[in-house]
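Just so we're clear, the structure is a prediction, and the values are computed from it rather than from any experiment.
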Amino acid sequence: MLKCLNKNILFKESLNKNKIILNNYYLNKNIIYYNKNSYSITNNKNNSIINNKRLFSTTTTTQTTNILKEDKINNNNNNNNNNNEKKFKFISPLKNENEKKEFDVIVIGGGHAGTEAAAASSRVGSKTLLITQSIDTIGVMSCNPSIGGVGKGNLVREIDALGGIMGLAADESGCQFKVLNQSKGSAVHGPRAQIDRELYQESIHNLLWKITEENNGNLSIKEGMVEDIILDEEQKEEKEKEEEDNNSSSSKDEIKLKKKSIKGIVLDNGEIIKCKKVIITTGTFLGGIIHIGNKRIPSGRMGDKAATALSLTLNRIGFELGRLKTGTPPRLDGKTIDYSVMSEQVGDEIPLPFSFSNSKVKNDHRQLKCFVTRTTEQSHQIIIDNLNSRPALESGEDGKGLGPRYCPSIETKIERFQGRTHQVWIEPEGYNTDVIYPNGISISLPEDVQIKFLKTIPGLENVKMLKPGYAVEYDYIDPRELNHNLETKKIDGLFLAGQINGTTGYEEAGAQGIVAGINASLSNQNRSPMIISRSEGYIGVLIDDLVTLGVTEPYRMFTSRSEYRISLRAHNSDQRLTEKAFECGSASNEQFLSLKEKQSILAQVYSNLKEIKRSPTQYLMECAIENVHEKKSLFEILRRPQVNFQMVKHYLPSDLLNKLTPLLIPIIDSECKYSNYVDKHVVEFNSLRKRENQLIPPTLNYWEIPQLSTESKQILSKARPTNLSSASKISGITPSALFSVQIYIKKNFINNERILNNNNNNKFKNNNDKQ
């Protein structure tokens, strides 16, 4: 028996009689109300109310109609303002699928998670349908025009290693490339690219089309809004009936009832499409509301509808929904900016591509410049004077919203860091546009306040604001409802990826999307899931943190979240993950053969470096390397911080040197530098993991542990766990943080008593006031 979960949705035969569509809200016998503080579902027959964690509440029909009219006007204005943006210049090869009514896997949402999920599912061999509001919005970069960064760049390279498309699109569309943290070791390098929005979207469309062509038409695209999910509960109901009829006395353990499973989806026009697996990647659209001052617009991105009915469906299934917030800054007219008073930021002379399939990026000889300016005291005063006009948000405890800790709004920055000015990165949105993205000043105050604020920033005194900044709140599901393959525990065949799992950022979304897509397709074929462990990749760290610890705020990836970060370097992502992806069918044969060739060359190089030895005199006279006191191998010498491969490469056979590409040189240097630390680190970490019941000294001051993030210090200082096992169960505390605590205790305490020495007394300042 097929069941439609959302009782508020009326199907085709009753659409004209009972349902009036107003901006994606419905007035019928079961009314979905929206007001400025809440949602509610009211059944007119008995006036019953369904409440959940989001504090649904009632309102009156008159209030609802007025609000809907107001929001309809707002959205119509937004749609008019954004029409020109959506009509991109390139001709998309993607076509709207209206004929097929049955697929193996359906992906809901065409953002970064959705496109990776759909592409991966198709590559692995399942007939896949990507459903999106509009083909025009597939691959849109909703917020910042950039890909990568510290931690995030590692995710992009891992997505590429798994056969994904984000890195390829970034290499095609990047207009400035820069590896962050280059002054530090390669374990914390962060590949990043400024992106041309339109070129990126065009590249995503072309890559999806290519996947469709190469996989026998496995991937289809359909425009529409998914409002309901169809489940098969027949076997469960028959079991329950049989138990009741026979008055069975069997224990619950003996009666194995089959979990609910996916059978299809329902679109907003009543159309039913059958499938075996569903991947939800709705981003900020799930119950999304945009806030600009006291304006509230039901939307996940300016000009696009929110997925409200689907949110209600998930609530009815029994998922716990919470609310999170993100935001975006205003968009500026670059022609009205004075760049002469700003600091210039240029890209790397030789851009590093994200994709292992590329030896260089497309626009390597025409990189655009970025600039940096700062807020002023006057800027801050305008914000402070207008804080009473900030929107009242649903998420968080104080009405200020539960947003990303590491990307706060300018209002939050000014409140949190008093007396400090803040950087504003002036970033171009592409080659053929004057639109500028002012990174660092996400804001949700009224438009007139935003303009006043902007004009106090050096270089922006005469700026024209093209679009206001805004906050957007959206629903998410507790990721602890998921298994490590990103399939929900409640429903067989239902997978979740992206911001619906409590993360923030394109890269985090894409990483989840490709894992969900691979696993949904594998599940459809009754194959074992692909699980990435914490030691194999940052994607493994990301997913393990989510499904094990959950989230208390939007989750962002950093290298510090991984206890294996010494091994998980961006440039060895393919060596860690491509073979695994090839076995699943996600990585191509070309990728796999390229990896094998690369591994063969590197193995020959390492073998030669270990075999070839030179005397101290030779190193001094031929390489200018000093302080060598005995005969050493090239590999041993390359462990030294000041020595690099270029200084000793002439000792290697010329035929081997001819095989080396410029991209392999940093890998060789890095492998030699970290060789001693990797093995030692793994052994030490595994040893410490066995002592998880170790007590934590009650006098331990977490603010004295420099390796801990501010977030971890705040959480642990507040919770005061008694042992490491208890600390590991606290949301937001990663194994990497626990490892740092263990090391600190080992060095500074004996039997929970502090080892007193002058260094300890002088080195650290007591930070109890921060707690």
Looking only at non-hydrogen atoms, find the nearest pair between [X] and [Y] and report the distance.
| X | Y | value |
| --- | --- | --- |
| Leu155 | Ala511 | CD2-CB, 4.2 Å |
| Ile279 | Gly517 | CD1-CA, 3.7 Å |
| Thr578 | Ala161 | OG1-O, 2.9 Å |
| Gly498 | Gln512 | N-OE1, 3.2 Å |
| Thr504 | Lys152 | O-NZ, 3.7 Å |
| Val472 | Gly300 | CG2-O, 3.9 Å |

Exercise. For Phe356, is the NZ or CZ atom of Arg157 found under 6.0 angstrom from the centre of its six-membered ring and inside 45 degrees of the ring axis?
Worked result: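 Output yes; distance and angle both within limits.
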Exercise. Does the ring of Phe558 carry Arg561 above it, NZ/CZ under 6.0 angstrom from centre and within 45° of its axis?
Worked result: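 That pair does not qualify as a cation-pi contact.
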Which distance, rounded to the nearest 0.5 Å, do you find between the [atom1] of [X] and the [atom2] of [Y]?
| X | Y | atom1 | atom2 | result |
| --- | --- | --- | --- | --- |
| Ser594 | Phe592 | OG | CZ | 11.0 Å |
| Leu207 | Ile211 | CG | CD1 | 6.5 Å |
| Asp545 | Ser562 | CG | OG | 9.0 Å |
| Ile441 | Ser409 | CD1 | OG | 11.5 Å |
| Ser121 | Ile518 | OG | CD1 | 10.0 Å |
| Ile195 | Cys175 | CD1 | SG | 6.5 Å |

For the residue pair [X] and [Y], establish whether any side-chain heavy-atom pair is separated by less than 4.5 Å.
| X | Y | value |
| --- | --- | --- |
| Phe285 | Gln133 | yes |
| Ile667 | Gln575 | yes |
| Ile131 | Val107 | no |
| Ile165 | Leu208 | yes |
| Ile292 | Gln450 | yes |
| Thr328 | Tyr437 | yes |
| Arg192 | Phe177 | no |
| Asn218 | Thr128 | no |

State whether the side chain of [X] and the backbone N or O of [Y] hold a donor-acceptor pair below 3.5 Å, judged by distance alone.
| X | Y | value |
| --- | --- | --- |
| Thr336 | Lys464 | yes |
| Arg197 | Met141 | yes |
| Ser588 | Gln591 | yes |
| Asp434 | Lys335 | no |
| Ser573 | Ala570 | yes |
| Gln201 | Ile138 | yes |
| Gln194 | Pro145 | yes |
| Glu473 | Ile290 | no |
| Asp669 | Asn644 | no |
| Ser586 | Ala581 | no |

Quick test of your reading of the model: are [X] and [Y] salt-bridged, counting only N-O distances below 4.0 Å?
| X | Y | value |
| --- | --- | --- |
| Lys455 | Glu461 | no |
| Asp574 | Lys598 | yes |
| Glu429 | Arg331 | yes |
| Lys369 | Glu427 | no |
| Lys659 | Glu597 | no |
| Lys362 | Glu172 | yes |
| Arg301 | Asp304 | yes |

For this session: Start with the C-alpha gap between Tyr200 and Glu198, add the side-chain angles, then the distance that decides, and say whether side chain to side chain contact (heavy atoms under 4.5 Å, CB included) holds.
Result: CA-CA 5 Å; Tyr200 184 86; Glu198 186 173 317; over 6 Å; no
Test item: side-chain donor near acceptor, [X] and [Y], under 3.5 Å:
| X | Y | result |
| --- | --- | --- |
| Thr376 | Ser379 | yes |
| Asn439 | Asn144 | no |
| Ser173 | Asp196 | no |
| Asn501 | Thr503 | no |

Problem set entry | Ring centres under 6.0 angstrom apart (His205, Phe90) |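 Yes.
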Exercise. So, His189 versus His571, ring centres under 6.0 angstrom or not?
Worked result: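 Not under 6.0 Å, so no.
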Exercise. Run the side chain to side chain donor-acceptor pair (under 3.5 Å) check on Asp348 and Gln367 step by step: do they pass?
Worked result: CA-CA 9 Å; Asp348 292 336; Gln367 295 193 73; over 6 Å; no
For this session: Start with the C-alpha distance between Thr559 and Arg565, add both sets of side-chain angles, then the distance that settles side chain to side chain donor-acceptor pair (under 3.5 Å), and finish with yes or no.
Result: CA-CA 6 Å; Thr559 54; Arg565 57 186 170 274; 5.6 Å; no
Exercise. Run the side chain to side chain contact (heavy atoms under 4.5 Å, CB included) check on Ile221 and Asn96 step by step: do they pass?
Worked result: CA-CA 6 Å; Ile221 314 290; Asn96 189 24; 5.9 Å; no
State whether the number of non-hydrogen atoms from other residues, nucleotides or ligands found under 6.0 Å of [X] atom [atom1] is greater than 12.
| X | atom1 | result |
| --- | --- | --- |
| Leu593 | CG | yes |
| Lys649 | NZ | no |
| Lys452 | NZ | no |
| Gln646 | CD | yes |

For this session: Show the numbers, then the answer: is there a side chain to side chain donor-acceptor pair (under 3.5 Å) between Thr132 and Glu223?
Result: CA-CA 5 Å; Thr132 178; Glu223 294 183 327; over 6 Å; no
For this session: Take Leu286 and Tyr476 through the test side chain to side chain contact (heavy atoms under 4.5 Å, CB included) and record every step on the way to the result.
Result: CA-CA 7 Å; Leu286 193 67; Tyr476 79 100; over 6 Å; no
For this session: Could you check Ile383, Leu445, Leu460, Asp448 and say which one makes a side-chain contact (heavy atoms from CB on, under 4.5 Å) with Phe453?
Result: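 It is Ile383; the other options fail the test.
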